[in-house]
Amino acid sequence: MTNPDSARSRIEELRTEINHHNYRYHVLDSPEISDAEYDSLIRELKQLEEENPQFLTPDSPTQRVGAPPVEAFGVVEHPVPLLSLGNVFTEEELENWYSRTVKLTGDVPFDFVGEHKIDGLAVALTYVDGQLITGATRGDGFRGENITRNLRTIRSLPLLVPKDAPPRFEVRGEVYLSRPGFEKLNRDRTAEGLPLFANPRNAAAGSVRQLDSRITTRRPLDIYIYMLGWAEGKSLPHTHWEMLDYLKSIGFKTNPNNRRLKDIEAVKQFYQTWEENRESLPYEADGIVFKINQLNLHDELGDIGHEPRWAIAYKFPAVQGTTRLNDIGISVGRTGTLNPTAILEPVSVGGVTIKNAALHNEDDIRRKDIRIGDTVIIQRAGEVIPEVVGPIVSQRTGKEKEFSLMDRLPKNDRGQPVCPSCGKTSIVRPEGEVMYYCANAACPAQLQQRIEHFTSRGAMDIRGIGENLSATLFEKGLVRDIADLYCLKDKKEELVNMEKLGEKSAENMLEAIEKSKQRPLGRLIYALGIKHVGSETAELLAGHFRSMKNFLNAKSEDFQNIESIGPITAESIIDFLKQEENRDIIHRLESAGVFPEEQAAISPGELLLSGYEFVVTGRLEAFSRSKAEARIKELGGSAKGSVTRKTDYVVAGSDPGSKLTRARELGIKVLDEKQFLEMLEKKQ
DNA sequence: CCGCCTCGAGTTCT
DNA sequence: CTCGAGGCGG
């Protein structure tokens with residue numbers, strides 16, 4: 001048994017030491033001891049405190065580990081309200097703010113501080129006699145929730161500050177989850193089968209509002225202090241920049257990316273730099289906050305409404321938005337897949353109004369726990385295709401409905417689910433697969449999309465027949481299958497009578513159809529739309545069989561020797577060729593004059609790019625990406641869509657994407673357009 | 001049998 | 001771009 005006096009002094013020693021290491025680790029990012037050593041200090045302190053509970057105080061570092069649930073949060077009044085910030089979205093609006101400010105300040109010179117506007121949660125922290133007493137959310141700006149217990153678990157937040165700090169003061173900061181912290185949290189939640197957080201902001205807000213702070217302690221929250229709220233009894237710096245420095249000196253963590261900016265040009269420059277590089281930050285930021293550096297001007301400028309005139313948030317263009325998921329629709333794909341699509345309350349994201357978004361499949365919807373009626377977060381993946389990231393669970397009303405594809409399908413008289421296009425009950429979900437299919441090969445949606453696929457760019461490339469026209473031709477009964485396209489020239493009258501199609505465009509279309517008769521065999525095989533046979537496999541088959549006649553007579557043993565065609569793809573091809581309707585279509589194509597050029601036998605090593613793998617990325621001057629890829633293939637090389645270890649050259653045009661980054665990582669030779677053209681010249 | 005790598009298929013809006 | 005799944009090598 002330890003004697004109480006020595007226990008007490010050891011406890012104090014340990015607390016000082018642990019606080020010091022917390023500061024080194026969490027604020028300065030330069031620990032002096034290993035995690036294991038740190039843990040052993042914590043364990044020793046915990047044990048002493050358990051043996052001597054009379055010495056246990058709320059500011060002990062052991063108290064960060066969380067306390068049992070509380071009934072509810074108390075309310076905290078903010079003596080000085082936490083205002084919100086005015087927003088600007090363009091440089092013009094920023095300039096307007098600046099000139100208004102200059103008018104108000106007259107001749108007094110000033111400069112700025114730029115700070116990232118981190119997507120987190122604003123909090124106010126009150127310290128009395130060096131101790132953290134309360135931590136509160138912003139709330140409505142005047143009154144917030146008391147979340148002291150949860151904020152105490154944030155390791156970079158000092159529970160104690162030095163004696164020379166003001167006796168009473170409040171600092172304000174942003175609580176946030178770093179991107180890696182957020183990803184790890186979601187990984188853990190996946191493992192535990194819990195619903196995922198949609199984004200770091202949501203996860204941070206949810207963590208801080210936990211009733212059980214033992215849960216909060218397991219969340220990797222962090223905090224940057226960005227200003228002093230108020231202080232009593234000490235004279236403090238006169239500029240914001242020096243104030244940040246001072247706050248740092250008494251133990252608070254400030255954002256190392258903060259900068260002092262001498263004029264409005266520097267302000268614009270700072271914004272530009274980070275708008276371009278925001279993805280590289282370890283946290284999510286939705287803009288930059290610019291503050292006037294001179295604190296005396298803050299008082300002079302004052303507030304307008306609930307916004308200070310001395311600061312402004314210059315927001316990045318939104319890449320995410322929230323809206324209501326009104327419904328989940330089901331469309332039928334070319335291969336019969338039943339695809340769920342989100343029907344959204346229209347919302348503008350990145351300057352584009354989004355009404356629909358991809359939802360992939362039923363399992364994915366379940367995994368993300370997306371329900372009809374939810375408020376959802378949407379984003380444009382890779383800045384292009386909108387997708388539903390996830391629901392905002394805290395905004396549920398209880399009226400949301402879970403989605404079940406089978407239940408959502410239309411029903412026949414006997415209440416059985418049917419395909420939304422053909423109305424047949426042939427809905428299947430193959431063992432082990434994620435997608436549902438309509439197994440009816442005569443399903444109109446499928447027939448029409450097969451025509452569309454046939455005419456598409458990568459297939460027979462018939463210009464002028466796209467989604468709309470192929471649908472109309474099909475509905476009018478003019479084209480029931482792909483072979484009918486070549487009979488259209490005898491139905492010119494009906495064509496022109498159709499709305500939306502003038503004489504001239506009808507002629508152009510017929511001409512394009514004629515031209516398509518000469519497409520190479522690989523294109524034709526791809527255009528047939530055989531399951532598991534995409535452009536690559538079609539090309540491979542064309543090289544192997546060399547004529548439509550050989551291909552039609554293919555037996556299952558013929559596929560055994562073809563590299564990269566396995567039993568499933570082989571079976572799918574055999575199955576396709578066995579069907580009478582398909583053979584009939586191919587014969588009708590032939591009699592209409594669709595005679596693809598016979599493919600030359602592959603002679604490896606003969607051509608000068610043979611055996612080399614290329615990936616083309618970015619925009620080229622001399623030709624389109626697909627032309628460049630075609631040229632590579634003509635010369636015997638291969639052109640792939642993604643960079644792997646096997647890639648030999650990456651051809652990078654202007655605005656290259658992540659592929660160039662990956663190429664650098666893997667140390668793959670990168671050619672610019674000029675070098676690429678030189679190579680083509682040389683190799684001819 | 002598992003973990004790559006590739007390929008296929010579907011997706012939004014102007 | 002994304003996800004799922006086929007093919008194949010370890």
Side-chain angles (χ1 to χ4, degrees), chain A residues 279 319-321 323 328-344 346-368 378-390 429-438 445-446 448-450 452-454 456-459 466-468 522 525-541 559-573 576 613-615 617 625 629 638-647 657-659 661-662 666 668:
Chain A
E279 290 304 314
V319 286
Q320 277 199 339
T323 189
I328 295 178
I330 298 169
S331 62
V332 185
R334 165 169 66 89
T335 56
T337 49
L338 300 180
N339 308 305
T341 28
I343 300 167
L344 303 164
V347 60
S348 171
V349 178
V352 182
T353 305
I354 311 249
K355 300 186 193 75
N356 301 299
L359 275 172
H360 306 300
N361 59 60
E362 193 186 48
D363 283 15
D364 202 39
I365 296 170
R366 289 267 165 77
R367 208 166 27 238
K368 292 177 177 159
I378 56 166
Q379 71 180 9
R380 301 213 287 152
E383 316 274 283
V384 191
I385 294 161
E387 64 171 0
V388 176
V389 180
R429 179 174 173 172
E431 184 84 27
E433 281 192 36
V434 165
M435 301 301 282
Y436 290 85
Y437 293 85
C438 167
Q446 294 180 53
Q448 185 247 303
Q449 282 174 96
R450 254 178 258 166
E452 195 183 318
H453 171 71
F454 186 83
S456 69
R457 272 245 294 265
E467 186 182 342
N468 279 323
I525 293 177
Y526 171 60
L528 292 174
I530 304 167
K531 192 175 175 191
H532 296 134
V533 179
S535 51
E536 298 289 322
T537 310
E539 214 52 59
L540 191 71
L541 291 167
F559 295 102
Q560 305 266 323
N561 306 325
I562 309 181
E563 178 95 344
S564 79
I565 293 192
I568 292 174
T569 310
E571 163 120 25
S572 162
I573 298 167
F576 180 90
E613 235 187 74
F614 286 77
V615 173
T617 180
R625 191 152 74 206
E629 288 173 347
S638 67
K640 295 288 165 60
S642 58
V643 181
T644 68
R645 271 180 283 276
K646 280 160 62 186
T647 308
S658 58
K659 288 168 196 171
T661 322
R662 180 136 171 82
L666 296 173
I668 286 157

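Proteins come first, then strands; the chains are lettered A, B, ... in the order of their sequence lines, and each starts at number 1. Scope of the values below: all heavy atoms of this structure, side chains included, with no hydrogens, waters or symmetry mates.
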S.K.: I want to verify a distance call: between dG7(C), dC7(B), dT11(B), whose nearest atom is closest to the Thr537(A) side chain?
M.R.: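 Nucleotide nearest to Thr537(A)'s side chain: dC7(B).
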
S.K.: Would you say Gln449(A)'s side chain and Ala445(A)'s backbone share a donor-acceptor pair under 3.5 angstrom?
M.R.: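 Pair found, side chain donor or acceptor close to backbone of Ala445(A).
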
S.K.: Counting only side-chain nitrogens and oxygens, does Asn361(A) get under 4.0 Å of the OP1 or OP2 atom of dC3(C)?
M.R.: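 No, no such contact exists.
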
S.K.: Considering only dT12(B), dG6(C), dC3(C), which nucleotide approaches the side chain of His360(A) most closely?
M.R.: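 The answer is dC3(C), which lies nearest to the side chain.
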
S.K.: Among dC7(B), dT11(B), dG7(C), find the nucleotide with the atom closest to the side chain of Ser564(A).
M.R.: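 Closest nucleotide to the Ser564(A) side chain: dG7(C).
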
S.K.: dA9(B) phosphate, OP1 or OP2: any side-chain N/O from Arg450(A) under 4.0 angstrom?
M.R.: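 For Arg450(A), the contact criterion (side-chain N or O under 4.0 Å from OP1 or OP2 of dA9(B)) is not met.
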
S.K.: Taking the side chain as C-beta and beyond, is there a heavy-atom pair between Leu541(A) and Ile573(A) under 4.5 Å?
M.R.: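 They are in side-chain contact.
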
S.K.: Return the value, rounded to whole Å, for the distance between atom CD of Glu467(A) and atom P of dC13(B).
M.R.: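 Nearest whole value for this atom pair: 12 Å.
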
S.K.: What's the CG-C1' distance between Leu541(A) and dG8(B), to the nearest Å?
M.R.: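 Atom-to-atom, Leu541(A) to dG8(B), this comes out as 14 Å.
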
S.K.: Nearest to the side chain of Lys355(A), heavy atoms from C-beta on, is which of dT2(C), dA9(B), dC13(B)?
M.R.: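 Of all the options, the side chain of Lys355(A) is nearest to dC13(B).
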
S.K.: Side chain of Thr569(A) only, heavy atoms from C-beta on: which candidate in dG7(C), dG4(C), dT2(C) is closest?
M.R.: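 For the Thr569(A) side chain, the nearest candidate turns out to be dG7(C).
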
S.K.: Which whole-number value in Å describes the distance from Gln560(A) CD to dG7(C) P?
M.R.: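 Nearest whole value for this atom pair: 12 Å.
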
S.K.: Counting side-chain heavy atoms from CB outward, which of dA5(C), dT12(B), dT2(C) is closest to Val434(A)?
M.R.: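 Nearest listed nucleotide: dA5(C).
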
S.K.: Is the phosphate of dT11(B) approached by Ser331(A) (side-chain N or O, under 4.0 Å from OP1 or OP2)?
M.R.: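 Yes, Ser331(A) has a side-chain N/O under 4.0 Å of OP1/OP2 on dT11(B).
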
S.K.: Judged by each residue's nearest nucleotide on DNA chain B, which is more toward the 5′ side, His532(A) or Asn356(A)?
M.R.: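 Comparing both residues, the 5'-ward one is His532(A).
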
S.K.: Measure CD/Glu536(A) against C1'/dG8(B) and give the value in whole Å, please.
M.R.: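 Result: 10 Å.
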
S.K.: Can you figure out which of dT2(C), dA9(B), dG9(C) approaches the side chain of Arg334(A) most closely?
M.R.: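 Among dT2(C), dA9(B), dG9(C), the one nearest the side chain of Arg334(A) is dA9(B).
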
S.K.: Among dC13(B), dG10(B), dG6(C), which nucleotide has an atom closest to any side-chain atom of Ile354(A)?
M.R.: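 Looking only at side-chain atoms, Ile354(A) lies closest to dC13(B).
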
S.K.: Which part of the nucleic acid, if any, lies within contact of Asp364(A), taking any heavy atom under 4.0 Å across all strands shown: a base, the sugar-phosphate backbone alone, or nothing?
M.R.: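 If one applies the 4.0 Å heavy-atom cut-off, Asp364(A) turns out to touch nothing in the nucleic acid.
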
S.K.: Measure the shortest side-chain to side-chain distance between Ile378(A) and Val388(A) over non-hydrogen atoms and say whether it is less than 4.5 angstrom.
M.R.: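 Side-chain contact under 4.5 Å: yes.
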
S.K.: Would you indicate, yes or no, if dC7(B) has its OP1 or OP2 atom less than 4.0 angstrom from a side-chain nitrogen or oxygen of Ser535(A)?
M.R.: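 No, outside the criterion.
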
S.K.: Is any side-chain heavy atom of Ser572(A) closer than 4.5 Å to one of Ile530(A)?
M.R.: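 Counting from C-beta outward, Ile530(A) and Ser572(A) do come under 4.5 Å.
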
S.K.: Are there over 12 heavy-atom neighbours, none belonging to Glu433(A), within less than 6.0 Å of that residue's CD?
M.R.: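 Yes, enclosed.
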
S.K.: For dG10(B) and Thr337(A) - does any side-chain N or O of the residue sit under 4.0 Å from the phosphate oxygens OP1/OP2?
M.R.: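 For dG10(B), OP1 or OP2 has a side-chain N or O of Thr337(A) closer than 4.0 Å.
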
